[in-house]
> 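Sending over a structure as structure tokens; questions will come in a sec.
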2 protein chains.
Amino acid sequence: MTDMASEKTGGVQAVSRALGLLKRLGAATEGQRVSDLAVQAGLAVSTTHRLLTTLEHSGFAHFEPTTSKWHVGHEAFAVGASYVQKRSYVAPALTYLRRLRDETRETANLGHLDDGHLVTLSQVESREIMRAISPPGGRVPATCSAMGKALLATWPDAQIAEFCDRHGFPTMTPRSVDGLSALMDQITHIRAQGYAVDNEEHARGLRCLAAPVWGPDGDAVCAISVSAMMMRLTGEMTEVVARRVVTAASELTEKIGGKRAEWPLPT
Amino acid sequence: MTDMASEKTGGVQAVSRALGLLKRLGAATEGQRVSDLAVQAGLAVSTTHRLLTTLEHSGFAHFEPTTSKWHVGHEAFAVGASYVQKRSYVAPALTYLRRLRDETRETANLGHLDDGHLVTLSQVESREIMRAISPPGGRVPATCSAMGKALLATWPDAQIAEFCDRHGFPTMTPRSVDGLSALMDQITHIRAQGYAVDNEEHARGLRCLAAPVWGPDGDAVCAISVSAMMMRLTGEMTEVVARRVVTAASELTEKIGGKRAEWPLPT
DNA sequence: TCCTTGTTTTCCATATCGTGGAAAACTCTT
DNA sequence: AAGAGTTTTCCACGATATGGAAAACAAGGA
């Protein structure tokens, strides 16, 4: 992550730089020192220090004097929390995610589309040793994600094509979907079976199964998935787990007063 | 909330302004229009627009073209999520919060101290109609909160006094603790009974009961509370619920490998 | 349909404001 | 106590953010 926020600012320099620092604070597992952040971001130490101080005055960063390290501040948390609070399906989803995790013993996820990417909104982790690949807040190109594909599959074909025009086919592994016809093949399957599959298209060795959740106005608003190491999710297990994912998604749909629209018909 | 981020910037102007806009986006329940944000923040429309564009380039804000409103972006969520991910007790706490909510039918909360304030980290809402007063990300002066007082009570008296010197006694209702001697009286009670009480000290009509959770190094790291309308949490109920809160806190302490230190002795 | 009104977005000259070097104040080590 | 590696403050320079005004939209209203 050496040059995370590249050099393209695209706006007010000072603000871009400050936000870049904030991202670094969030991405780092530990507190960061001024001078380290400065070299990482390619900024002068004094500039870095001034920007951090400004972030701190607004509560977005926090300086720990005893260790002289910088951390993400409470205000960043507050603003971030509002991102999920405004999506009223997140809170009720937890019940179903938990049950899904308990039934399958694997990680259950909730995500939605945001600007061509699937953003993980919430997750209930497997008790197995594996760490989560994509923690809450994580982003993956929609076409590299089971949840993303499940949601795309609810769109009319024309909109899917337009989507792909705009966002292309970023790939994360050699098995990621690449090209519209390959995607549409999958979409057809997804619509037929009611759930989407991701076989190492996001990360090596990882398989995901996802189903969409509908909102009151008949649009899919989010998706539920189970993700697991492929070795733990093989053959006939797949179908069993998929049915449970579909069930959870249906129940959440009902809970939030959603109307399960028909899947778009192949045109 | 007319002039939220006052005029004292205390750092890089452009950055303070941008963060102020971000806070407004987070605080608003709906998307905000450029011109409204501009007047709220007292900025020129063109400046506001440029700052928002910069926020968008980094993913911290998002513009909905169909409605031409601005929202909090995914990156803000990602950074905010890291605030809780780094506190390893949040995830395991959910189990106990949920049970507490089910046992008491009231809202269960998890919070910790951050710069003199109690920050609500997580919460499992009551199924009653009442909305939560302080959603995740919310901040209250420590002395106006049951969780805050429960945590302060684990500190040596000298540090409590120092804390009060630094932060004073901001009050949120007429019943909020005001003055060191009043606080120390309460601290004594808290240490004796093992839990803290907040009787309308944070919000009119609201009562909270809280107990601290210890970490592996013998310091209290967070607190668990139950908050409810006073009318639903009266008389003998209080003691019953308080015992459940204490139990939940003890269990979480154990779960995270915490060592329950002795409460500081009155000096 | 073509104005009218209320937006959002772009442009640009001005001087404000952020910048980074260098020096000063700290903090730990040796 | 002195030294190395920090963090923090200061300052003159000029790059850069600023806000007015105008241009591009969008949404009614006649």
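A note on names: the letters A, B, ... follow the listed sequences, proteins ahead of strands, and every chain is numbered from 1.
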> Can you pull the salt bridge (Lys or Arg N to Asp or Glu O under 4.0 Å) pairs that have at least one residue in residues 43-53 of chain A, sequence neighbours excluded?
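Every candidate salt bridge (Lys or Arg N to Asp or Glu O under 4.0 Å) pair involving residues 43-53 of chain A fails, so no pair, neighbours aside, qualifies.
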
> Grab the NE2-C1' distance between B/H57 and D/dA17 for me, whole Å please.
16 Å

> Which pair of non-hydrogen atoms, one from A/I256 and one from A/G215, has the smallest distance, and what is that distance?
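So the two residues come closest at CD1-CA, 4.4 Å.
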
> I'd like to know if the side chain of B/T47 and the backbone of B/L43 have a donor-acceptor N/O pair within less than 3.5 Å.
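A pair under 3.5 Å: no.
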
> When you measure from the side-chain N and O atoms of A/R17 to the phosphate of C/dG20, is any distance below 4.0 Å, counting only OP1 and OP2?
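For C/dG20, OP1 or OP2 has a side-chain N or O of A/R17 closer than 4.0 Å.
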
> Could you state the CG-P distance from B/L55 to D/dA17, rounded to the nearest angstrom?
13 Å

> Considering only side-chain heavy atoms of A/V12, which listed nucleotide, D/dT18, C/dT9, D/dT6, is closest?
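Nearest listed nucleotide: D/dT18.
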
> A/L52 has an atom CG; how far is it from atom C1' of D/dT9, in whole Å?
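Taking CG of A/L52 and C1' of D/dT9, I get 15 Å after rounding.
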
> Without decimals, in angstroms, what is the distance between A/K69 NZ and C/dT27 P?
16 Å

> Test your reading of the model: is there a side-chain donor-acceptor pair from B/K259 to the backbone of B/D217, 3.5 Å cut-off?
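No, the answer is negative, given that no donor and acceptor are paired below the 3.5 Å cut-off.
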
> Find which nucleotide of DNA chain D each of A/W70 and A/A14 is nearest to by heavy atoms, and output the residue with the more 5' nucleotide.
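Nearer the 5' end of the strand: A/W70.
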
> If you assign B/L43 and A/S35 each to the DNA chain D nucleotide with the nearest heavy atom, which residue ends up on the more 5' nucleotide?
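Result: A/S35.
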
> How many Å lie between CD on A/Q13 and P on D/dT18, as a whole number?
12 Å

> Sort me out a list of protein N/O and nucleotides 10-12 of chain D N/O pairs below 3.5 Å, or just none if empty.
none

> Closer to the 5' end of DNA chain C via nearest nucleotide, is it B/V34 or A/L51?
B/V34

> Looking at the side chain of B/H49, which of D/dG19, C/dT9, C/dT19 is the nearest nucleotide?
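Between D/dG19, C/dT9, C/dT19, the one nearest the side chain of B/H49 would be C/dT9.
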
> So, for B/T120 and B/P135, which heavy atoms are closest and what is the spacing to 0.1 Å?
CB-O, 3.8 Å

> Given 3.5 Å as the limit, does a donor-acceptor pair link the side chain of B/H57 with the main chain of B/T53, or not?
yes

> Give the rounded distance in Å between these two atoms: CD of A/E56 and C1' of D/dT7.
13 Å

> Quick test of your reading of the model: are B/D157 and B/R191 salt-bridged, counting only N-O distances below 4.0 Å?
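Answer for the salt bridge query: yes.
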
> Taking CZ from A/F63 and P from D/dT6, how many angstroms apart are they, rounded to a whole number?
14 Å

> Counting any heavy atom closer than 4.0 Å, what does A/T47 reach on the DNA or RNA strands: base, sugar-phosphate only, or nothing?
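Base contact.
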
> Rounding to an integer number of Å, can you tell me how far A/L21 CG sits from C/dT19 P?
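Spelled out: CG on A/L21 to P on C/dT19 is 10 Å.
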
